[in-house]
Q: 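Below is one structure. I have some questions about it.
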Amino acid sequence: MPHAPVPRSYPIFRRLPAAALCALLSGAVFLPALPAAAQDAPAVGAQPGASRTYAPPSFRDLARTQIDTVVNISSTQAPQPSAGGGRLPEGMDIPPGSPLEEFFREFRNRQRGGQGNRSPESGPNGGPQGGGPQGLPSMALGSGFIIDPSGLIVTNNHVVSDAAEIAVTLHDGTKLPARLVGSDAPTDLALLKVESAKPLTAAHWGDSEAVEVGDWVVAIGNPFGLGGSVTAGILSARARDIQQGPYDEYLQTDAAINRGNSGGPLYDAGGAVIGINTAIYSPTGGSVGIGFAIPSSLAKPIIDQLKDGGKVRRGWLGVQVQRVTPDIAESLGVEGSGGALVTSISPDSPAASAGLRQGDVITAFNGDPLEQMRQLPRLVASTQIGRTVPMTLLRGGKQQSIQVTVGELRDEPQQLAMSGSSGAPRSAQPEESKSALGLKLAPLTPGLRETFAIGEDVDGLVVTEVDRDSAASQRGLDLGDVIVEAGQEPVATAADLETRIAKAKEQGRKTLLMLVSRAGDLRYVPLPLVPETGGKKG
């Protein structure tokens, strides 16, 4: 019975909170399946007419040829001084001596697999290990694979980020110091360089677009510090968005991916790298059969840029967009829910220069139709900077085509949208408040601007109360939100809003599209129009 080739293991790194997706560096590979004829052939020496048994594919040859291309990676971070015992979870600032200090120290140690323990078995998802109360250095463990005999190695950015020292251990046990050539946090990729006295065995890239759901895959890596581990499975799904960045398009596999596999390769049936194992979904911290790999179609161009210049240059359009839901599509009078709805446009951006407007629905970019909003950032980012491309959009229900010259995305701090407002005293409702669609609304005044910290550049109606049982509450509207537009027309008074509601009903609309500003961040919210009922309640 054929035996499966054993792939080399890769360490994994947990990137998400425990209650959410756990981003762990992982390595997985696609493996070839045996031809149907070979699987169905009777065993040697079998008697004629004997029942045939299924023989699973063997990955033996793949493992034998690729095991030397996979490496183990360890990185050491400088000590992090912290009063009372090391770093606390991000965003937590606990005063020294607080009763919560010990709790968070224990939480951090559980996340890292044990404080100060350097044994491979207790390595922390490919993440920091150590760094205890004494301010000791911390260590991250992960996997990687060689892509050039000269010593170029691909891994995950989170395996080597903020590293003071990086070491690579080859399959034969040789340990080499590594230099960071470049890294890209948005895609979680990094490129390392080692100097070796002899040429190294290198893997070769495959085509992730050619593999299909159900194809065999194989992962080789360093799970839990157990180097050279091989696991096999199938491609479970494609184009997964796990909310880790604007370019998410992960391959999903059920090949076992665990802590320490991060940065390892995912092979197809021919032994070509079609993914870089990066994350797992895991309520327990171990493999539950849901692992994610960065597809080679996304990774290879990024690695090529890191190889050439040490950094990544991306195209830039200068818009903020949101998904077109069925309710939004109905409000706009368009069919389907594909495309990207423009909520705001940066001044002096390529989009502004091309004449793009707020409320436009981008349906195609450079000839590629947008079936989902999240396709747009990837398409723009991969477009050559300075190139002029066509863009198709819907404006006022009519299709238009414009030309846009793609700019370069700069490394500028991104604004983070706040999920709530400071809120106003419930008794401080202005006399001129009007109720509509489950909301109490009032024109903006200096007092309301100060109460809700609303900028002078925002105009509209401010929400002063929300009916908890209303559709507005269910859609997430809150105190301090500002209704800037209704039905894609500005509103400044309650009369303006009543006019927009009446117009939408006359047009037979079931929803009214609101443009809402919250802490300066704009988004479209479709609100159902409650039909008027005649007569009195009995």
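Note that the coordinates shown come from a computational prediction; the quantities given were computed from them, not determined experimentally.
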Q: Give the intermediate values and the outcome of side-chain contact (heavy atoms from CB on, under 4.5 Å) for residues Val312 and Thr187.
A: CA-CA 10 Å; Val312 177; Thr187 55; over 6 Å; no
Q: Return the minimal non-hydrogen interatomic distance between Met391 and Leu356, and the atom names on each side.
A: CE-CD1, 3.8 Å
Q: May I ask you to test the Leu298-Tyr250 pair for a side-chain heavy-atom distance under 4.5 Å?
A: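 A side-chain contact is absent here, since even the closest heavy-atom pair is not under 4.5 Å.
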Q: Would you mind checking if Glu249 and Arg378 are paired as a salt bridge, meaning a charged N to carboxylate O distance below 4.0 Å?
A: yes
Q: Less than 4.5 Å apart, any side-chain heavy atom of Ile290 and any of Asp254?
A: no
Q: Can you name the nearest heavy-atom pair linking Pro265 to Gly144, along with the distance?
A: CD-O, 4.5 Å
Q: With distance as the sole test, does Asn366 use its side chain to make a donor-acceptor pair with the main-chain N or O of Val389 at under 3.5 Å?
A: no
Q: Judged by atom type as modelled, is there a donor-acceptor pair below 3.5 Å linking the side chain of Thr383 to the main-chain atoms of Leu379?
A: yes
Q: What is the minimum heavy-atom distance between Arg238 and Val211, and which atoms define it?
A: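 What the structure gives for the nearest pair is NH1-O, 2.8 Å.
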Q: Short question: side chain of Ser196, backbone of Pro199 - any donor-acceptor pair under 3.5 Å?
A: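 No; judged by distance alone, with no hydrogens or angles, the pair does not exist.
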Q: Please give me the minimum heavy-atom distance between Ile257 and Gly291, naming the atom from each residue.
A: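 Heavy atoms only, the tightest pair is CG1-CA, 4.4 Å.
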Q: Determine the minimum heavy-atom distance between Val181 and Lys193, stating which atoms define it.
A: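 Of all heavy-atom pairs spanning Val181 and Lys193, the closest is CG2-CB, 3.7 Å.
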Q: Distance-only, no hydrogens or angles: does the Thr343 side chain make a donor-acceptor pair with backbone N or O of Gln320 under 3.5 Å?
A: yes
Q: Assess whether side-chain contact (heavy atoms from CB on, under 4.5 Å) is satisfied between Leu235 and Leu251, documenting all intermediate values.
A: CA-CA 7 Å; Leu235 183 67; Leu251 302 175; 3.9 Å; yes
Q: Restricting to non-hydrogen atoms, name the atom on Leu152 and the atom on Lys307 that form the minimum distance, rounded to 0.1 Å.
A: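 Scanning both residues completely, I find the closest heavy atoms to be CD1-CE, 3.7 Å.
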Q: For Leu370, run the side-chain contact (heavy atoms from CB on, under 4.5 Å) check against Val324, Ile362, Thr392 and tell me which one passes.
A: Ile362
Q: Can you confirm whether Ile274 sits close enough to Trp205 that some side-chain heavy atom of one is under 4.5 Å from a side-chain heavy atom of the other?
A: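 The answer is no, as the side chains (C-beta and beyond) never meet within the 4.5 Å cut-off.
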Q: Show your reasoning for whether side chain to side chain donor-acceptor pair (under 3.5 Å) applies to Gln322 and Arg523.
A: CA-CA 7 Å; Gln322 73 178 73; Arg523 65 187 178 110; over 6 Å; no
Q: To the nearest 0.5 Å, tell me how far Phe145 CZ sits from Gln66 CD.
A: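 Reported to 0.5 Å precision, the distance equals 10.5 Å.
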Q: Kindly determine whether Asn72 and Val168 satisfy side-chain contact (heavy atoms from CB on, under 4.5 Å), including the steps that lead there.
A: CA-CA 6 Å; Asn72 298 337; Val168 167; over 6 Å; no
Q: Just how far is it from atom CG of Asn157 to atom CD1 of Ile302, taken to the nearest 0.5 Å?
A: 12.0 Å
Q: Using a 4.5 Å cut-off on heavy atoms from C-beta on, say whether the side chain of Ile385 contacts that of Arg313.
A: yes
Q: Within the 4.5 Å heavy-atom criterion, are Thr169 and Val71 side-chain neighbours or not?
A: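 Thr169 does not reach Val71 side chain to side chain.
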Q: How long is the span from the CG atom in Leu191 to the CG atom in Asp308, to the nearest 0.5 Å?
A: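 It is 10.0 Å, given to the nearest 0.5 Å.
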Q: Please assess Arg64 against Asp61 for the test salt bridge (charged side-chain N to carboxylate O under 4.0 Å, His left out), listing each intermediate value before the final yes or no.
A: CA-CA 5 Å; Arg64 181 187 299 120; Asp61 292 339; 2.8 Å; yes
Q: Answer yes or no: is there a side-chain heavy-atom contact under 4.5 Å between Val342 and Val361?
A: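 When only atoms from C-beta onward are counted, Val361 and Val342 do not touch, as no gap falls below 4.5 Å.
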Q: Do Asp188 and Thr278 have side-chain atoms, one donor and one acceptor, less than 3.5 Å apart?
A: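 Note: Asp188 and Thr278 side chains miss the donor-acceptor criterion.
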Q: Is a donor from one side chain sitting under 3.5 angstrom from an acceptor on the other, for Thr69 and Thr201?
A: no
Q: Starting at CG of Leu192, measure out to CD1 of Ile73 and round the result to the nearest 0.5 Å.
A: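 Output value for this atom pair is 5.0 Å.
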Q: Passes side chain to side chain donor-acceptor pair (under 3.5 Å), Ser208 versus Ser297? Steps please.
A: CA-CA 6 Å; Ser208 59; Ser297 60; 3.1 Å; yes
Q: Taking 4.0 angstrom as the limit, do Arg314 and Glu408 come out as a salt bridge?
A: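 So Arg314 does not pair with Glu408 through a salt bridge.
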Q: To the nearest 0.5 Å, what is the distance between CD1 on Ile234 and CD on Glu212?
A: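 Those atoms lie 12.5 Å apart.
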Q: Quick one: are Ser75 and Ile166 in side-chain contact, heavy atoms under 4.5 Å?
A: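 Heavy-atom side-chain distance check passes, below 4.5 Å.
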Q: For atom CD of Glu209, is the number of surrounding heavy atoms from other residues, nucleotides or ligands below 6.0 Å larger than 12?
A: yes
Q: Are the side chains of Trp316 and Ser346 in contact, using a 4.5 Å heavy-atom criterion?
A: yes
Q: Look at atom CG of Asp348 and say whether more than 12 heavy atoms of other residues, nucleotides or ligands are closer to it than 6.0 Å.
A: no
Q: Using modelled atom types only, decide if a donor and an acceptor are shared between the side chain of Asn156 and the backbone of Gly263 within a distance under 3.5 Å.
A: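 Yes, Asn156 side chain to Gly263 backbone: donor-acceptor pair under 3.5 Å.
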Q: side-chain contact (heavy atoms from CB on, under 4.5 Å) between Leu393 and Ile402: does it pass, once the steps are laid out?
A: CA-CA 8 Å; Leu393 54 89; Ile402 62 176; 3.7 Å; yes
Q: Roughly how far, to the nearest 0.5 Å, is CZ of Phe292 from OG1 of Thr253?
A: 10.5 Å
